[in-house]
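Below is one structure; the comments refer to it alone.
Counting convention: from 1, in listed order, for ligands and their atoms alike.
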Amino acid sequence: MRRSGRTISMDTEMPVHKKRIAALASGRGSNFQAVIDAIAAGDIPAICTGLITDNPQAHAIERARAVGVPVTVIDYANFSTKAAYEEMLLAAMRNCRADLFVLAGYMRILGPAIVHEFSGRMMNIHPALLPAFAGLNAQQQAIEYGVKVAGCTVHIVDEGMDTGPIVIQRCVPVLPDDDESSLADRILAEEHTALPLAVKLFCEDRLEITDRRVRIR
Ligand code: GRF
């Protein structure tokens, strides 16, 4: 529209409703970084409202602080029971007021109270093609088993260990000379695109979960 020499631009973009996401991480935090980078790049319509960690040494803490994400440290070592720890964790999670919790290298199994309260709203990244090689040291399990293809899985969290409905899987070859470390690096590169994509799909309301099956709209 042109009026007396001035251009008035009309904003025709639809307002984007941003979801609130928060992360749980226990260590390095490279998957958390991939998610916050994708948010900063505008690829995920979300704001990150918090990082919660059970480990005061987690490098994820610095990654969060660098971008102004509030950090809550709940040091597992300070609690005499898992129940007492999870009571604090639950309070911290409520405090994030998040639509989605991303378990980005969170190395503990969540108890039933938390799983129940946030049912369908927690995602985990696991470095194996589930249901193969659930649990710890998944890459080493894959090497020892002798599989030729490995990968990663993003899944919804349920009461089991790495058993929830599968959102995305990515595969990589296992090469003859691979060891745990070289395979983990190859899988990790896939994790860094699979997890942000799964978070994006959630934030765009494009995941439809029926029983164990996740349909992407
Ligand atoms: C990743 O391999 C993830 O799949 C697993 O733990 C590792 C965490 O790495 N659950 P990072 O902390 O995200 O760098």
>> Less than 4.0 Å is my threshold; does some heavy atom of A25 fall inside it relative to ligand 1?
In response: no

> Which is closest to atom 11 (P) of ligand 1 in terms of heavy atoms, S30, A194, A128, S26?
Replying inline: S30

>> To check your reading of the model: name the closest protein heavy atom to atom 1 (C) of ligand 1, its residue, and the distance in Å.
In response: E191 OE1, 3.1 Å

> Any donor-acceptor pair under 3.5 Å linking the side chain of Q139 with the backbone of A184?
Replying inline: no

>> Could you tell me, atom by atom, which parts of ligand 1 come under 4.0 Å of a heavy atom of G105?
In response: 6 (O), 8 (C), 10 (N)

>> List ligand 1 atoms under 4.0 Å from G29, heavy atoms only on the residue side.
In response: 11 (P), 12 (O), 13 (O), 14 (O)

> Taking only residues two or more places apart in sequence or in another chain, which ones pass side chain to side chain donor-acceptor pair (under 3.5 Å) with R94?
Replying inline: E117

> Taking S26 as the fixed residue, which of T53, D54, N55 is the one that meets the side-chain hydrogen bond (donor to acceptor under 3.5 Å, both in side chains) rule?
Replying inline: D54

> Which of the numbered atoms in ligand 1 are below 4.0 angstrom from a heavy atom of P127?
Replying inline: 2 (O), 4 (O), 5 (C)

>> Test: ring-ring contact (aromatic ring centres under 6.0 Å, His included). Region: residues 25-77. Which pairs qualify, not counting sequence neighbours?
In response: Y76-Y85

>> Is there a continuous path of hydrophobic side-chain contacts, each under 4.5 Å between heavy atoms, that joins I44 to I168?
In response: yes

> Which of the numbered atoms in ligand 1 are below 4.0 angstrom from a heavy atom of R28?
Replying inline: 9 (O), 11 (P), 12 (O), 14 (O)

> Which of the atoms of ligand 1 are close to I125, meaning less than 4.0 Å from one of its heavy atoms?
Replying inline: 3 (C), 4 (O), 5 (C), 10 (N)

>> If the test is side-chain hydrogen bond (donor to acceptor under 3.5 Å, both in side chains), which one of H126, E191, Q169 qualifies with T153?
In response: Q169

